[in-house]
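In each ligand, atom 1 is the first atom listed, and ligand 1 is the first ligand listed. Start at 1 with the first residue, then count along the sequence.
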Amino acid sequence: MSNEHDSLRAIVWNNDALQLLDQRVLPHETRYLTLRTPEEIANAIKEMVVRGAPAIGITAAFGMVLAARQAFARDKNDWKSLIKKDFQLLAASRPTAVNLFWALAKMQQLIDNLDNYDDSTLLNEAQRIHAVDITDNYRMGDLGSAFIEPNSNVLTHCNTGSLATGGYGTALGVIRSAYRAGNISQVFADETRPWMQGSRLTAWELVQDQIPVTLIVEGAAASLMREKSIRWVIVGADRITANGDVANKIGTYNLAVLAKYHGVKFMVVAPTSTIDMNLANGEMIPIEQREPVEILKFKGQSVSANGATAWNPAFDMTPASLVDVIVTERGVVENPTLEKIQTLFR
Ligand code: MRU
């Protein structure tokens with residue numbers, strides 16, 4: 001895979017520490033933070049230094065490597081039980097993206113099966129999770145871009161690219177691949193209030209990788225669909241339930257409803273580590289509620305009337321009936337149903 005239109009990596013393991021590109025200060029500053037303890041890792045996830053479902057999972061896997069190191073240094077006999085509190089701390093960092101719990105469970109299972117502390121086995125597993133995520137993204141890029149007809153205008157939401165994954169991206173990976181194939185005329189991106197993942201992160205990523213991008217405010221999506229003949233809305237996911245319901249960044253559901261009305265196709269791109277077969281439907285997904293201040297203020301400056309309150313769910317749930325296709329690394333599911341998703345796992 002050439003690195004044309006694919007130059008960024010936000011998660012870097014460096015011998016004894018994890019380096020994370022600090023997504024809170026992008027696009028104006030490009031700085032990597034160096035993290036050495038599970039506490040620092042949990043905090044980085046909570047504070048959105050790193051965000052995006054697969055990226056959170058990968059980061060947590062490295063958090064478990066650091067947790068084991070710290071625990072073993074403290075107590076060579078009882079290190080396994082010392083890790084438990086770090087596991088809980090990492091699991092409590094954000095509630096909606098299931099990749100976090102998926103990656104933690106994988107690391108915990110490995111730890112349970114170890115007779116003796118073995119740093120390289122744990123580190124190899126975290127690095128494998130990271131590497132496989134990138135390979136899966138390339139695969140989803142191929143599978144998803146096959147749906148994109150020549151001269152397509154597409155709309156994406158939030159940030160689902162190299163910043164949100166191990167690299168390349170899910171929805172943004174499909175957009176990268178379709179752009180490389182010459183089939184995308186224009187990429188539109190929602191600015192994605194209140195964290196501005198679209199205008200700060202997606203736009204930055206695409207500009208870095210020489211893919212032209214046009215920003216819109218969320219409120220412009222309906223007019224955009226009517227006036228710019230959008231072919232596809234392409235988004236990622238934080239959790240997909242067994243029946244194909246999709247939790248993703250707040251505003252995704254709006255786009256799905258608008259897409260149905262305007263005859264625009266709706267694609268969700270996510271690795272199978274984002275699918276939670278333990279939940280029957282999207283009503284069961286825990287939706288993160290964030291502080292009202294994120295809406296009431298912008299960079300510390302008030303942008304609302306004194307005395308107003310705000311409701312700030314970070315994610316919403318799009319019912320499977322509004323989804324045309326789910327693209328995973330194991331294959332695509334058109335018009336998702338429980339039966340079709342179950343076959344992915346067979
Ligand atoms: O709050 P965030 O920025 O972590 O939300 C991210 C999203 O909603 C993404 O669309 C999702 O995690 C998929 S990332 C490949």
Side-chain angles (χ1 to χ4, degrees), residues 8-11 20-24 26 44-60 93-103 130 133-134 136-141 144 155-176 189-205 218 233-240 246-256 266-276 282 285-291 294-295 312-318 323 326-329:
L8 302 167
R9 292 295 176 259
I11 304 171
L20 293 178
L21 180 56
D22 188 346
Q23 301 192 29
R24 300 167 305 176
L26 283 171
I45 296 173
K46 205 182 196 115
E47 299 295 324
M48 313 262 290
V49 169
V50 58
R51 27 70 45 206
I56 292 172
I58 294 160
T59 302
S93 56
R94 287 192 80 188
T96 304
V98 76
N99 305 61
L100 171 70
F101 310 101
W102 173 88
H130 189 181
D133 185 67
I134 300 173
D136 288 351
N137 288 340
Y138 290 146
R139 174 89 187 120
M140 293 188 287
L155 171 61
T156 190
H157 188 59
C158 195
N159 171 268
T160 61
S162 291
L163 295 170
T165 63
Y168 201 68
T170 56
L172 220 53
V174 167
I175 289 172
R176 279 188 162 91
D190 270 346
E191 59 181 359
T192 318
R193 283 273 294 153
W195 267 81
M196 317 306 276
Q197 286 94 333
S199 51
R200 291 191 307 109
L201 308 179
T202 297
W204 181 76
E205 230 190 280
E218 264 96 318
V233 172
I234 309 177
V235 297
D238 285 82
R239 196 183 299 222
I240 299 173
V246 175
N248 191 48
K249 178 53 56 195
I250 190 76
T252 302
Y253 177 35
N254 303 31
L255 294 181
F266 193 86
M267 180 189 292
V268 177
V269 189
T272 47
S273 53
T274 303
I275 302 181
D276 184 351
I285 300 174
I287 298 289
E288 178 181 11
Q289 293 288 331
R290 295 187 62 91
E291 292 299 320
E294 291 181 352
I295 293 177
N312 189 16
F315 301 98
D316 60 23
M317 190 276 282
T318 299
V323 176
I326 296 177
V327 176
T328 78
E329 81 285 3

Using a 4.0 Å cut-off to any heavy atom of [X], which atoms of ligand 1 qualify?
{"X": "P54", "value": "14 (S), 15 (C)"}
{"X": "A164", "value": "14 (S), 15 (C)"}
{"X": "R94", "value": "1 (O), 2 (P), 4 (O)"}
{"X": "Q197", "value": "1 (O), 2 (P), 3 (O)"}
{"X": "T165", "value": "15 (C)"}
{"X": "K249", "value": "1 (O), 2 (P), 5 (O), 8 (O)"}
{"X": "N248", "value": "7 (C), 8 (O), 9 (C), 10 (O), 11 (C)"}
{"X": "A53", "value": "12 (O), 14 (S)"}

> Got an N/O contact under 3.5 Å between G52 and ligand 1?
Replying inline: yes
Donor-acceptor contact below 3.5 Å, side chain [X] vs main chain [Y]:
{"X": "T274", "Y": "D238", "answer": "no"}
{"X": "K249", "Y": "A314", "answer": "yes"}
{"X": "R176", "Y": "Y138", "answer": "no"}

> Distance only, no hydrogens: is a donor on one side chain within 3.5 Å (strictly under) of an acceptor on the other, for R51 and N159?
Replying inline: yes
> Nearest to atom 7 (C) of ligand 1, what protein heavy atom do you find, and at what distance?
Replying inline: D238 OD1, 3.2 Å
> Hey, does I240 have a side-chain heavy atom less than 4.5 Å from the side chain of I326?
Replying inline: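 Yes - at least one pair of side-chain heavy atoms lies under 4.5 Å apart.
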[atom1] of [X]: more than 12 outside heavy atoms within 6.0 angstrom?
{"X": "R139", "atom1": "CZ", "value": "no"}
{"X": "Y253", "atom1": "OH", "value": "no"}
{"X": "E291", "atom1": "CD", "value": "no"}

> Using a heavy-atom cut-off of under 4.0 Å, does the side chain or the backbone of T170 touch ligand 1, or both, or neither?
Replying inline: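 Side chain only.
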> Heavy-atom contacts under 4.0 Å between W195 and ligand 1: side chain, backbone, both, or neither?
Replying inline: neither
> Is ligand 1 less than 4.0 angstrom away from at least one heavy atom of A237?
Replying inline: yes
> Does the distance from a Lys or Arg side-chain N to an Asp or Glu carboxylate O, for R193 and E218, drop under 4.0 Å?
Replying inline: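 So R193 does not pair with E218 through a salt bridge.
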